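These numbers come from a predicted model, not from an experiment. By convention in this document, chain letters (A, B, ...) are assigned in the order of the sequence lines, proteins followed by strands, and residues within each chain are numbered from 1.
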2 protein chains.
Amino acid sequence: MINDEISDNMRLHGVLTKEKYVKHLSVDCTIFSVQDARLKVLLLNWQDVEYWSLPGGFVKEDEDLDEAARRILYERTYLDNIFLEQFHTFGKVDRTSLKLSKDFLKARNLTFPDDHWLFERFISAGYCSLVDYTQISVFPRYNNESGKWFDLDKLPKLAFDHKEIVKKGSEYIRKNIDTQIAASNLLPEKFTMNELQSVYEAVLGENFRRNNFQRKILAMNFLERLEKLYDGSANKAPYLYRFRDVR
Amino acid sequence: MINDEISDNMRLHGVLTKEKYVKHLSVDCTIFSVQDARLKVLLLNWQDVEYWSLPGGFVKEDEDLDEAARRILYERTYLDNIFLEQFHTFGKVDRTSLKLSKDFLKARNLTFPDDHWLFERFISAGYCSLVDYTQISVFPRYNNESGKWFDLDKLPKLAFDHKEIVKKGSEYIRKNIDTQIAASNLLPEKFTMNELQSVYEAVLGENFRRNNFQRKILAMNFLERLEKLYDGSANKAPYLYRFRDVR
DNA sequence: TCAAAAGTGTTATTGGTACACCCATGT
DNA sequence: ACATGGGTGTACCAATAACACTTTTGA
């Protein structure tokens, strides 16, 4: 366990010194999911550091920005083939803090020279995705790192400007809810209207009348009605649906 | 004139070698205006270079990304206090081209070592703004550079991925037309409903019925009705309006 | 036969579109 | 008085919201 931890940190140190990254540029992912009928965001925390932060990373020199975001998401969640969208780039000079950056590295027993680019100014591209948290097989990536899902109005202390990033990310998800939900893996291949409605309600944080919801969704014409689902419950069997266009 | 040109280029060279910029990061501005009842975009061209490009620039190390965009817009158009919004960041590895970059510099008689960061990969944050082209006092900035407004469906050959940037920028402007027009300086302090409608029609590229347009706009409740305008024409005097919230 | 949950229908309201009409204004 | 362009009213249609009723299901 201790050995794992050391080797993890060694690996990270090696990666940050040897691998070629685009300096001053990072990607931060706001990964949302639905849990207990609420929209949650995934945050990471390192042992002995007060602040939580978004799963983020750096962009390799030979890697598209979008690719970098996909890779980072994969590294954090082992989720592949996920619909990920850029929503805003955060570029305030003082958005990161030297002290906090050092604390982060100290918590992992990493040291870098004071003039390392890690301590300079960072511009960060924000990406967002809606995922099924039960399909996230393994995180965190490092032993002294922990991940947790947070309610948007019960966020812990966040590093840097990550609170603002989460806010903008969630606004983006809500504004683009139709495509986001359709492209997410939140629902199984086939699902009932009720399940779909629950997801909408969780993401938007408001309730709809089931009949009006059904009409509205069906009018958008991206659902395909399939066979009925007999799940053994003592009521009329609901139809199953599927998103029309294959992703 | 020749002297001016030389000194301009010298200045640019000096700036690019001495001033501290965030490497690999640029800002490109899509500046739109309305001319002949059509939405136009401002493009720049250097003598002896086939390709046109967006007014862009680099971000200083001690400058917010938003600030950089404002500064660049000011440098190009001498427009100040302009509503400028970020809409997307373009990060493909091959979005710039080494050859074209060299051509650009050659056209200005500038030489940089081959390993200069100017020739490396660039990530560019796209900003957009709607402005009154008649209020743009002076551009271009350099003598061998010319600026011109282009119809969106009659674009010339564009450098790098600037065509895509223009497209995304115009989509953003159209999607956010209400705030964009209200925040722009396209209209004078007081204006008639007809003038407002013309701007909407130019930006969206479609026509509306005046009475329905009026209803819709007034329902949004961001206009304040003022006195009537007697301009001497032989018809009923239209009301003047003003945007409610002061910008 | 009953409760639970789904499907479907009906009406009212709202927002937008099309058309019509009247009003003010300078020539 | 008249053409011009602006203001306002009304009828119509589609989308949405609110409410009601019927159907299916396993216990």
Mind checking what makes side-chain hydrogen bond (donor to acceptor under 3.5 Å, both in side chains) contact with S233(B), not counting sequence neighbours? D231(B), N235(B)
Mind calculating the distance between NZ (K236(B)) and P (dC22(C)) to the nearest angstrom? 13 Å
Y239(B): which residues meet the ring pair (Phe, Tyr, Trp, His ring centres under 6.0 Å) condition with it, sequence neighbours left out? none
Whole angstrom value for the distance that separates C1' of dC13(D) from CG of N212(B): 13 Å
Other residues, nucleotides and ligands only: do more than 12 of their heavy atoms fall within 6.0 Å of CG on N81(A)? no
Measure OH/Y200(A) against P/dT16(D) and give the value in whole Å, please. 12 Å
Numerically ordered, the residues 202-209 of chain A set in heavy-atom contact under 4.0 Å with DNA chain C is none
Can you find a pair of side-chain heavy atoms, one from K216(A) and one from Q214(A), that are under 4.5 Å apart? no
Partners of F87(A) by ring pair (Phe, Tyr, Trp, His ring centres under 6.0 Å), sequence neighbours excluded? none
DNA chain C contacts among residues 222-232 of chain B, heavy-atom distance under 4.0 Å: Y230(B), G232(B)
In whole angstroms, how far is the P atom of dT24(D) from the CG atom of L240(A)? 18 Å
Can you find a side chain N or O atom of N194(A) that sits less than 4.0 Å from OP1 or OP2 on dA6(C)? yes
When rounded to whole Å, the CZ to P distance for the pair R210(A) and dT8(C) reads 11 Å
Using the ring pair (Phe, Tyr, Trp, His ring centres under 6.0 Å) criterion, which residues pair with F90(B)? Sequence neighbours excluded. H88(B)
Hey, does T192(A) reach any base, or is it just sugar-phosphate, or nothing, if we go heavy atoms under 4.0 Å? nothing
Quick one: side chain to side chain contact (heavy atoms under 4.5 Å, CB included) partners of E50(A), sequence neighbours excluded? K157(A)
Atom-pair distance (CZ on F213(A); P on dA18(D)), nearest Å: 16 Å
Residues which pass side chain to side chain contact (heavy atoms under 4.5 Å, CB included) with D80(B), listed by chain and number, not counting sequence neighbours: Y74(B)
Interface residues of residues 214-221 of chain A with DNA chain C (non-hydrogen, below 4.0 angstrom): Q214(A), R215(A)
Under the rule for salt bridge (Lys or Arg N to Asp or Glu O under 4.0 Å), what residues qualify as partners of D161(A), not counting sequence neighbours? R95(A)
Y200(B) meets the ring pair (Phe, Tyr, Trp, His ring centres under 6.0 Å) criterion, sequence neighbours left out, with F213(B)
Suppose we screen for side chain to side chain contact (heavy atoms under 4.5 Å, CB included). Which residues come up paired with E85(A), at least two apart in sequence or across chains? F83(A), Y172(A), Q180(A)
Figure out the OH/P separation between Y239(B) and dG7(D), and round it to whole Å. 7 Å
Do N235(B) and dA3(D) share a donor-acceptor pair, side chain to base, under 3.5 Å? no
Among dA18(D), dG26(D), dT24(D), which nucleotide has an atom closest to any side-chain atom of A234(A)? dG26(D)
